[in-house]
Amino acid sequence: MKNIFFFLIMCSCISINTYAQFSYPIQKVAIEFQKRTLIVELQEKDEKYMTKLKKKDGEEAVDNYVSNIDNYNRLVKESFPKYWKTTPFEFKTKEETDDIVKSGDKKYAVFSAGWRAEKRKQGTDVYIEFEVYCFTTYLAEKAKKRDKYYSDNQGSMNITRGPHVFKLSLASKPVSEADFKFIIQQFQLHTEKATTIGKTGGIWKTAFFIPDISFKAKKILKEKKLSIPKDYIDFGEPEIKEVYKHPFELTASEKEEQLILDDSKEYAYINYVWSEKQQYWAIIVVDIESGEILARIGIGGVNVAVFGIPTGLDRYAPIISYRSKIFFKLNHLKAINRFIGK
């Protein structure tokens, strides 16, 4: 607990960076991944677990658990045919996926998701743990431990890369097609780029590779209208105009979802992810047209109070957008404005 409060004090500033968020796949692994059929693993209800959950937390928790799984599977089945263009893919149950993984069949890769933990290193053998909803791809022969709570490995000196191809972590489950479009875009963009610029060498050890965001990002962002999620902020247009000198629009959640689905090329929008570079939550600015990340804004330390202690409560909560957790203030807009320049 002391480490958490120390972290809260030390990370109270806001920064903006030209680094991307996610570690690129290893080059040779990305090339191999592109040759395979992707198994998209569907989620299943665990009847034994539901019985225990009912006794512990009541019928409402069970209903939420079931709704979350049903919603996830619906989104997966609706989104992959629309947005996944990289490789062939097939939907499989967990049992079917397990059989393929155990067989060692190298014709397949696996897309899997679930509640996991990310960690931030605070010192030798000192880590702060954050519960996340993590999406991960694996080569099938490396997917035996895909259900592990920790996707990466913890050493005394650093965090080392797990056996995945690529991963992306959110604050809770995705709840809309727009969420899944973003997720799929990131997997495809990073894996495709890694075939030419990914780090060479083995999949293990400290094989993290997080390159700079393209210099063109600043110019692109300057030309975009920034969609600001008015449902999740506590300030208005007059305050925004004082600190942000570029085009923007205060947008309701429903409209922003539609902008994303419509590929509205004149817009960029704000999202919220776990940053592997920062080892912490970060706000990002995403180009709707391409899915490219144009900027990252460090959120500061205040959200440790919300996310620093893993409770797992969101697992059984009613379905709400993970983006409602965005801690977005005027200082973040100031940082974006400073990044863009005049």
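Note that the coordinates shown come from a computational prediction; the quantities given were computed from them, not determined experimentally. Throughout, numbering of the chain's residues begins at 1 and tracks the sequence.
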Classify the ring geometry of [X] against [Y]: parallel below 30°, tilted from 30° to 60°, perpendicular beyond 60°.
X      : Y      : result
Phe328 : His332 : parallel
Phe33  : Trp84  : perpendicular
Trp274 : Phe130 : tilted

Can you check whether [X] reaches [Y] side chain to side chain, under 4.5 Å on heavy atoms?
X      : Y      : answer
Ile39  : Glu96  : no
Glu254 : Leu259 : no
Lys54  : Glu59  : yes
Met50  : Glu47  : yes
Tyr232 : Ser253 : yes

More than 12 heavy atoms of other groups within 6.0 Å of [X] [atom1]:
X      : atom1 : value
Lys85  : NZ    : yes
Glu192 : CD    : no
Lys102 : NZ    : no

If Ile, Leu, Val, Met, Phe, Trp and Tyr residues are connected whenever their side-chain heavy atoms lie under 4.5 Å apart, and connections chain through other members, are [X] and [Y] in the same group?
X      : Y      : result
Phe80  : Phe182 : yes
Ile283 : Ile240 : yes
Tyr267 : Leu189 : no
Ile100 : Leu139 : no
Tyr272 : Ile270 : yes

Would you give the length of the straight line joining atom [atom1] of [X] to atom [atom2] of [Y], rounded to the nearest 0.5 angstrom?
X      : Y      : atom1 : atom2 : answer
Lys92  : Ser112 : NZ    : OG    : 15.0 Å
Ile293 : Ile284 : CD1   : CD1   : 4.0 Å
Ile340 : Lys222 : CD1   : NZ    : 8.5 Å
Lys225 : Ser264 : NZ    : OG    : 10.5 Å

Check: Gln188/Tyr83 side-chain N/O donor and acceptor closer than 3.5 Å: no
Verify whether one side chain among Glu256 and Thr251 offers a donor that lies under 3.5 Å from an acceptor in the other. no
SB check [X] [Y] (cutoff 4.0 Å):
X      : Y      : result
Asp287 : Lys265 : no
Arg74  : Asp70  : no
Glu237 : Lys241 : yes
Lys52  : Asp46  : no
Asp99  : Lys94  : no
Lys142 : Glu32  : no
Arg36  : Glu141 : yes
Asp98  : Arg146 : yes

List the atom of [X], the atom of [Y], and the distance in Å for their closest heavy-atom pair.
X      : Y      : result
Val101 : Val110 : CG2-CG2, 4.2 Å
Ala61  : Leu53  : O-CD2, 3.7 Å
Ala113 : Tyr72  : CB-OH, 3.3 Å
Ser172 : Trp115 : CA-CH2, 3.9 Å
Glu44  : Ile69  : O-CD1, 3.7 Å
Lys245 : Glu242 : NZ-O, 3.1 Å

Please tell me whether Phe111 and Phe89 form a close aromatic pair, meaning their ring centres lie under 6.0 Å apart. no
Suppose we call two aromatic rings close when their centres sit under 6.0 Å apart. Are Phe248 and His246 close by that rule? no
Could you tell me if Lys218 sits above the aromatic ring of Phe339, with its cationic atom closer than 6.0 Å to the ring centre and no more than 45 degrees from the axis? yes
State whether the side chain of Asn337 and the backbone N or O of Leu333 hold a donor-acceptor pair below 3.5 Å, judged by distance alone. no
